[in-house]
Amino acid sequence: MSVVPMKRITVAAMKRDRKAVLEYLQVLGAVQISIRKKEDDVFTKTDMSKSQQLFLRNRDKAEDALAVLKRFAPEKKGILSSLEGRRELSVEEAREKIGTCSDTIHRCEEILRTEKEYADLVSGIPKMEDQKKALEPWMKFDLPMDLGETRACTVFTGTLQGEYTLETLYTQVKTLSNVETLEGEIISSDATQTCIFLVCEKKDQAAVKEALRRMNFASPPVANTNPAERMRELDEEIAAASGQSEEKLEKIRSYAGDREDIRFASDYYTMRAEKYGALSQLLQSRRVFFLEGFIPEACAQDVAQGLQNRFECAVEVRNPGKKEKPPVLLKNNGFSAPLEGVTESYSLPGKKEIDPTFLSSLFYYILFGIMLSDAGYGILLFLGTGILLLRFRNRMEPGMKKTMRMFFFCGIATTFWGFMFGSFFGDAVAVIGKTFLGKGEDFGLKPLWFAPLDEPMRMLTFCFIIALIHMFVGLGAKAYMQIRDKKYLDMVYDVLLWYVLLISCIVFLLTVPTMAEMLSVNPLSTSLKTPMMVLMIISAVGIILTGGRESKNWVKRILKGLYALYGISGWLSDVLSYSRLLALGLATGVIAQVFNSMGSMGGKSIPGVLMFIAVFLVGNVLNLAINALGAYVHTNRLTYVEFFGKFYDGGGKKFCPFAANTKYYKFKEEM
């Protein structure tokens, strides 16, 4: 359980080499740039934001082009392809590809331009289809629809809401306009609208127009040709747009073979943008640039030697200052390392704190296994993750690999507790034996220890024991840090007194027959009551007197001490929180039993066997998914609140080296 020691590295090199130095450090990914020195008359910073934005725009073009190809020319990938990780390239291979990146971006621009043209064509087709629908009621009309007037007459062509006959049209228009002379035709009519052609004398134009306005008259959908001709034009335009859109689509698909080049270009411009971001941080004079940051102690000398061998530079490696807070990089063994992500999700260790990952790993897998507690599910977990780890061991990303290894160990713990509690896909063995093999009630998987469903109080007592051990180890970690820092009195006040108080309380309670019977254990001798009571009083008084020792005012000190003693209620609630081990463990078994019972309802027959297999598979897959997620969430909760709460504050900042933070390729530099 360790936090990787950090060193301060300072590099002073020729300005002409600054990009090459940064490229070298970026590939190594070992230095977090952190420059403390301020600008002055000699050393200044250069604004590289414009160049950085240019590279980011190129990166975005590549990503957008990949999204277009994914939409129109999807790759055929296996369900497990996401586990393959990034393809590894040597620096030499990468340099060969760099020369093509500019051309690749031009192809990306062509893809995006073609996609836009395709989208415009496709979006235009529905609009033309709507125009065709609007023209359908006018197909009997054989005159140009923009016919407005003759020498003596005015023509009105359009639609009215509702259904009209020619007689009702004349009647309403004449009533509203006081015009007697009208000629017209109903082109089409239905319950929603009526298409009309109406002619009046020019002197009556204004009156008829006002009358039609009051009747909600609307102009026709087109005005420059007759409907039949326009319909033919629309059909031709739709056919042309469909053909052109297919051509655009095929053109986009023709770029599918450039996908790897586009991915490389995306990574390349991402790296360049990050490099120019780093360039903006450097302090530079006319001929020299200055860089400093943090580097893991284990590789500091190798990196310094590599820089000096490649460039004209001066490199200094030293310990960080006392007031500095180095970034945090965790390093654990193969058993504990999978849980580094769990620790990081909470908070990384502060400057003087220990890495809690190892301690939490001693309990994490056990707690997860008790909550899932089914041997069948555990075997599926560790076999499934184990096979994936073996198959993709050389390409799987480190974060994914840690997650898989975490669930691998969780699967082993689940299998262990499943056999201890006699659960294998619930009671599947007993149900199969009884329903299909004609076995008796005694047939089935027997627990190596006991069955929680039959003895829930015994299981609850076991959960409370796990709780006390878990939290006592957390309190012990606090004692370790205080002893390490030579705070011996603080260890006595903050840890030893609490150990005495809690242990004496537990022993005292176990001397009470009712309490012991409730917990399904044998009561302790009543002769222990008096000494335990004395220890309880002494430790409680000690906590009251020392809990607020930072205050010089005795009244405040005692009040803070009383508040500290009140913390024993928190211990009680924390212990009760571990009852979730019982609850989730029982839930897994009971749900599995319900599905087994449902599946066996078909009886001993071919349909019954098929029914059992279907219900068994679906039910147990759902049960595993839901309860594995619940076990993960609640194990984290017990770790964060009940365990870390006893000794761990966190507050450290993650080590984020200047590196090639790429999505598709990873680059390897031989040191």
Side-chain angles (χ1 to χ4, degrees), residues 356 359-360 362-364 366-367 370-371 417 420 449-450 452 455-480 482-483 490-547 561-585 634-635 637-648:
L359 286 178
S360 63
L362 299 177
F363 295 91
Y364 193 95
I366 294 173
L367 297 176
I370 293 173
M371 290 188 197
W417 289 112
M420 293 298 288
W449 189 14
F450 71 95
E455 301 179 75
M457 285 308 301
R458 185 178 181 184
M459 181 65 184
L460 185 62
T461 301
F462 173 63
C463 294
F464 289 160
I465 293 172
I466 291 288
L468 291 170
I469 295 173
H470 195 203
M471 292 188 292
F472 276 10
V473 169
L475 200 59
K478 183 176 183 178
Y480 165 79
Q482 290 173 331
I483 292 173
D490 288 343
M491 186 276 295
V492 173
Y493 300 149
D494 297 335
V495 178
L496 186 58
L497 288 176
W498 277 103
Y499 271 139
V500 173
L501 176 62
L502 294 168
I503 293 173
S504 59
C505 285
I506 293 168
V507 174
F508 179 83
L509 289 174
L510 292 178
T511 62
V512 180
T514 305
M515 182 62 67
E517 182 180 354
M518 185 185 302
L519 296 174
S520 300
V521 298
N522 295 323
L524 299 178
S525 173
T526 55
S527 62
L528 294 173
K529 279 188 175 182
T530 301
M532 292 302 104
M533 182 67 74
V534 172
L535 289 175
M536 288 165 57
I537 294 172
I538 293 174
S539 56
V541 171
I543 291 171
I544 292 172
L545 294 176
T546 61
L562 289 170
Y563 182 76
L565 181 62
Y566 179 71
I568 196 170
S569 62
W571 276 84
L572 176 61
S573 65
D574 288 347
V575 170
L576 292 175
S577 290
Y578 285 76
S579 61
R580 69 188 69 236
L581 297 174
L582 168 66
L584 269 73
H634 288 285
T635 302
R637 196 264 180 201
L638 290 175
T639 301
Y640 292 159
V641 180
E642 278 71 30
F643 185 59
F644 284 176
K646 299 296 176 288
F647 70 99
Y648 186 66

Heavy atoms only: give me the nearest [X]-[Y] pair and the separation to one decimal.
X: Phe643; Y: Leu359; value: CZ-CB, 3.9 Å
X: Gly474; Y: Lys646; value: C-CB, 3.9 Å
X: Thr511; Y: Lys529; value: OG1-CG, 3.3 Å
X: Leu475; Y: Trp498; value: CD2-CB, 4.0 Å
X: Ser525; Y: Ser527; value: OG-OG, 2.8 Å
X: Pro523; Y: Pro513; value: CB-CA, 4.2 Å

Atom [atom1] in [X], atom [atom2] in [Y]: separation rounded to 0.5 Å?
X: Leu460; Y: Ile465; atom1: CG; atom2: CD1; result: 10.0 Å
X: Leu545; Y: Leu565; atom1: CG; atom2: CG; result: 10.5 Å
X: Arg458; Y: Leu582; atom1: CZ; atom2: CG; result: 13.5 Å
X: Glu517; Y: Asn522; atom1: CD; atom2: CG; result: 11.0 Å
X: Leu367; Y: Thr639; atom1: CG; atom2: OG1; result: 6.0 Å
X: Leu519; Y: Thr514; atom1: CG; atom2: OG1; result: 11.0 Å

Hey, does [Y] have a side-chain heavy atom less than 4.5 Å from the side chain of [X]?
X: Leu562; Y: Tyr566; value: no
X: Leu581; Y: Leu638; value: yes
X: Leu510; Y: Leu528; value: no
X: Ile506; Y: Leu468; value: yes
X: Lys478; Y: Met491; value: no
X: Leu501; Y: Leu497; value: no
X: Tyr493; Y: Ile543; value: no
X: Ile538; Y: Ser504; value: no

Give the ring-plane orientation class for [X] versus [Y], where under 30° counts as parallel, over 60° as perpendicular and anything between as tilted.
X: Tyr640; Y: Phe644; result: tilted
X: His470; Y: Tyr578; result: perpendicular
X: Trp449; Y: Trp417; result: tilted

- Message: With a sphere of 6.0 Å drawn around CZ of Phe450, does it hold more than 12 non-hydrogen atoms of other residues, nucleotides or ligands?
- Response: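 Yes, CZ of Phe450 has more than 12 neighbouring heavy atoms, counting only those of other groups under 6.0 Å.
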
- Message: Would the distance check show the side chain of Tyr499 and the main-chain N or O of Phe472 forming a donor-acceptor pair, the cut-off being under 3.5 Å?
- Response: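 Between the backbone of Phe472 and the side chain of Tyr499 there is a qualifying donor-acceptor contact (under 3.5 Å).
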
- Task: List the steps and the verdict of side-chain contact (heavy atoms from CB on, under 4.5 Å) for Phe462 and Ile370.
- Result: CA-CA 11 Å; Phe462 173 63; Ile370 293 173; 3.7 Å; yes

